[in-house]
Amino acid sequence: MAKKRIYEIAKEVGVDNKVVVQKAKELGFDVKNHMSSIDDAQVAKLKGSFQNSAPAEKNNKIKISVSSIRKNEKKQEDNAGSKKPRRRNNKRRQNNDRNHKNRNDRDHSANSGSGKPKAAALLQQFKQKQRAEEGQLNRQAQKAKKEYHEQLKYPKKEQPVNNKKKTNKESNNKKSEEVEKKVIGPKILKPSPARLKKNQPSTNEKPAVKVSIPEPPKEEKRNNGRGKNMGKPGHKGKNQFFNNHSEHSDRSERKRHKNKKRKQEQKPKKQITKRKERPLPETLVYEKGMNAQDIGKLIHREPAEIVKKLFMLGVMTNQNRSLDKDTIELLAAEYGINAKQKVHEDISDIDTLYNKRMEASKKSKNQVKRPPVVTIMGHVDHGKTTLLDRLRHTHVSAHEAGGITQKIGAYQVRLDDRLITFLDTPGHAAFSNMRARGAEITDIVVLVVAADDGVMPQTVEAIDHAKSANVPIIVAINKMDKPGANPQHVTEELMKYNLIPEDYGGDTIFVNISAKTGQNVDDLLQMILLQADMMELKANPTEMAIGTVIEARLSRGRGPAADVLIQQGTLNIGDPIVVGDTFGRVRTMTNDRGRQVKKATPSEPVEITGLNDVPESADKLVEFKDEKTARSVGEARAQQALQKSRENVQHVTLDNLFDTMKKENMKEVDIVLKADVQGSVEALQQSLEKIEVEGVRVNIIHSGVGAINESDVTLAGASNAFIIGFNVRPTATAKSQAETEGVDIRLYSIIYKAIDDVTAAMKGMLEPTYEEKVIGNLTVRETWKVSKVGTIAGSFVDKGLVKNDAKIRVIRDGIVKYDGEIASLKRFKDDVKEVKQGNDCGLTIKDYNDIKVGDEFEVYEMQQVEPK
């Protein structure tokens with residue numbers, strides 16, 4: 001079934017598309033616009049509705065197209081705006097309207113069946129009415145235009161509200177105002193450039209006063225807002241202007257102003273927040289060097305106010321300039337508050353921190369019993385180390401050169417489920433400083449005196465150290481197994497130094513022992529525990545650890561290592577610590593038996609690693625909460641130590657001028673000193689500097705721990721010095737460099753031998769002696785343990801040769817571990833007298849089996865040296 005569209009029906013009926021769409025909607029058809037389609041039944045019904053209403057429309061309504069109204073409006077506007085109106089478009093549009101009307105009339109007449117004369121009369125009548133309405137519309141447009149111009153030129157002032165009387169004129173004109181609201185006023189559009197130039201005021205004229213233009217009445221919709229002339233200057237449409245203002249620009253300006261005003265009303269005005277005046281503090285805690293900004297934050301005042309106050313007080317400054325103490329106190333007085341300088345606690349002073357923690361632990365309620373720390377003191381060869389051997393069931397003295405102890409050792413002994421910590425201090429006079437340190441950290445001193453020798457100078461020195469440390473002394477009269485032992489004579493000699501035995505009414509414990517046979521050694525330990533019980537030794541293991549360094553050394557594989565004695569608290573692996581001028585984190589802990597431990601409790605000696613440098617003997621160990629604090633404290637202490645060493649330089653003054661001149665005439669012996677441990681370095685340095693020879697003095701230009709390296713040889717060569725090595729050996733590169741540069745390296749294992757040689761050389765009375773000559777160097781590549789033979793070392797001769805009757809040293813990590821003789825030398829299965837460089841050999845060492853892969857052998861002979 002065929003369907004028709006709305007616009008086709010509108011064309012047939014002769015009615016506007018919108019009217020037909022509206023009519024179809026009233027009839028209930030599903031129609032949206034002029035392109036919608038309906039079926040034949042709906043078409044017939046829709047056309048019938050228009051035929052029924054056709055006579056009434058003919059008689060009552062005269063159809064006036066909107067274009068004609070617009071034509072008249074624009075015609076009036078053109079007459080007002082320009083003297084040459086353009087009528088072309090109006091004529092064309094008028095003709096179109098007329099043709100359209102005539103076509104409609106013809107359609108109506110055809111439908112109604114009337115003839116041509118009736119249609120002509122109707123057309124004539126329609127033209128007359130159109131002309132009458134057109135004239136009326138022109139007059140209304142002219143009147144509106146005139147009123148609009150008068151409003152622009154002479155804006156009316158607002159009438160006061162108090163006017164109660166209203167004229168009859170106003171009441172009569174109410175209806176006319178309503179009508180005038182519908183009248184469309186002239187549109188003010190943007191003029192063309194030519195007209196704008198023509199209408200510009202002359203330069204002599206005064207600028208026009210800015211007047212607010214009242215909003216023109218709303219205009220009716222025309223052509224649904226779709227016009228043909230929409231923006232070209234000079235054309236009829238929206239480009240007409242009045243007084244150089246366009247309606248569009250005025251409207252947009254008013255709209256913009258209105259929106260802006262509405263936003264301002266909606267936005268709450270920001271209120272300026274007034275700063276509350278905070279009260280002044282009672283006391284200004286200041287630091288020296290603070291500026292006005294810093295003080296302003298403390299007293300709650302603006303920096304500008306503080307600067308002004310200072311100006312009034314006569315101090316010319318600004319916000320950033322530092323103020324001295326007097327100025328800050330003057331400012332505080334001006335504000336009426338007290339001033340107090342802030343006291344900074346120097347965390348780098350670990351000695352003070354050590355003492356504070358020690359005092360705090362003594363007052364703590366968490367104290368428990370701790371093992372006593374006992375120091376063994378006495379003269380050389382009176383049996384101190386043999387006593388410790390008996391206690392530890394070891395043979396420490398068998399590995400000591402010359403039979404004396406060269407460093408402090410710490411050991412723990414268990415008796416009746418109780419521990420005793422022993423410190424073994426060397427007995428030679430050169431180690432008096434080390435013994436003094438041992439007495440400072442000890443609880444009880446055991447003075448070992450030989451029954452067949454009696455009181456010796458070092459015995460008296462040990463007594464003085466113990467008394468100055470204010471620690472009790474237990475006398476152990478040793479070597480009671482010897483035939484010439486006379487303990488009564490020793491007791492009488494010791495009574496001269498106020499050591500009176502208990503049998504004679506004194507308070508000193510005397511025990512007669514024999515370290516070699518073990519006689520009365522247990523009684524000595526019981527007396528030590530009894531003395532410790534009387535002293536009530538306690539410590540707090542729950543706090544952070546503090547302790548003292550017993551000895552320190554540099555290990556090739558592990559770096560700096562230190563023997564420390566924990567005195568309070570507990571030290572764990574990973575704890576950040578500061579030791580003297582160094583810092584670090586505990587990496588490993590080893591006890592006196594060589595076993596790895598995870599924590600160290602009070603009175604326990606351990607060897608720790610993880611420090612960034614080798615500390616000094618008797619340095620204090622302090623644990624910190626975090627590594628950052630420990631690092632800052634350690635670096636600060638290192639900087640202070642460096643600054644102190646620089647300040648020790650003596651400058652020439654009038655007071656010391658003569659002494660300086662005498663020193664310049666003196667000859668100096670420059671020495672580079674290297675040793676295995678820090679304590680030995682200090683002892684050797686002090687002993688060498690005490691040598692008194694007229695006209696000559698010793699100058700230690702460098703001292704340190706570890707093997708002699710290339711840097712030491714370079715320094716000695718540049719300073720024309722010689723090198724003394726104590727229990728250390730030069731590296732292969734350093735030895736080759738020393739031979740090339742002619743640097744003398746003297747190696748010693750007994751301290752007084754080194755002192756005697758230096759003294760004799762300074763006096764010029766150095767007698768011809770036997771000195772060792774190294775004839776070969778070997779490296780251990782493999783070891784075999786054979787019963788009844790010992791450890792066989794499979795070695796390679798790196799340099800020189802090895803003889804079966806030569807002496808040999810075992811060197812491990814640059815440290816001499818053993819010095820002895822070759823027991824046997826073999827090449828394959830045959831015994832040989834010597835093996836040269838580049839060959840393998842197997843050898844055994846007399847009375848020594850602790851040989852490991854990687855050890856170095858130094859083979860030497862003793863040769864006589866003629867006096868120079």
Flag the pair Tyr860 / Asp819 as yes when at least one side-chain heavy-atom distance between them is below 4.5 Å, and no otherwise.
-> yes
Run the numbers on Val521 and Leu391 for side-chain contact (heavy atoms from CB on, under 4.5 Å), then give the verdict.
-> CA-CA 8 Å; Val521 173; Leu391 297 173; 3.5 Å; yes
Side chains of Leu843 and Phe857: closer than 4.5 Å at any heavy-atom pair?
-> yes
Do Ser687 side-chain atoms and Leu684 backbone N/O form a donor-acceptor pair below 3.5 Å?
-> no
Can Glu856 and Arg729 be counted as an ion pair, charged N to O under 4.0 angstrom?
-> no
Is it true that a side-chain atom of Thr442 and a backbone atom of Val373 form a donor plus acceptor pair closer than 3.5 Å?
-> yes
Report yes if the side chains of Thr714 and Gln737 come closer than 4.5 Å at any heavy-atom pair, otherwise no.
-> yes
Tell me, with the steps shown, if Asn478 and Thr386 meet side-chain contact (heavy atoms from CB on, under 4.5 Å).
-> CA-CA 10 Å; Asn478 194 19; Thr386 308; 5.5 Å; no
Audit row: Val758, Tyr748, side-chain contact (heavy atoms from CB on, under 4.5 Å) steps and yes/no = CA-CA 12 Å; Val758 173; Tyr748 298 94; 5.6 Å; no
Exactly one of Asn591, Asp592, Thr421 clears side-chain hydrogen bond (donor to acceptor under 3.5 Å, both in side chains) with Gln412, and that residue is Thr421
Validation row: Cys841, Leu778 side chains within 4.5 angstrom (heavy atoms) = yes
Does some side-chain heavy atom of Ile566 sit less than 4.5 Å from a side-chain heavy atom of Thr601?
-> no
With distance as the sole test, does Asn849 use its side chain to make a donor-acceptor pair with the main-chain N or O of Gly790 at under 3.5 Å?
-> no
Is the number of heavy atoms from other residues, nucleotides or ligands within 6.0 Å of CG (Asp805) greater than 12?
-> yes
Expected output: side-chain Arg631 to main-chain Phe583 donor-acceptor under 3.5 Å | no
With a 4.0 Å cut-off, would you call Asp563 and Arg553 a salt bridge?
-> yes
Can you check whether Ala545's main-chain N or O pairs, donor with acceptor, with Glu623's side chain at less than 3.5 Å?
-> yes
Can you check whether Asp840 reaches Arg827 side chain to side chain, under 4.5 Å on heavy atoms?
-> yes
Sequence neighbours left out, what passes salt bridge (Lys or Arg N to Asp or Glu O under 4.0 Å) with Lys482? Give chain and number order.
-> Asp452
Answer yes or no: is there a side-chain heavy-atom contact under 4.5 Å between Lys599 and Glu604?
-> no
Rounded to the nearest 0.5 Å, what separation is found between the NZ atom of Lys690 and the CD atom of Gln685?
-> 11.5 Å
Are Lys674 and Asp712 close enough for a salt bridge, meaning some N to O gap below 4.0 Å?
-> yes
Side chains of Asp855 and Thr783: does their closest heavy-atom pair fall under 4.5 Å?
-> no
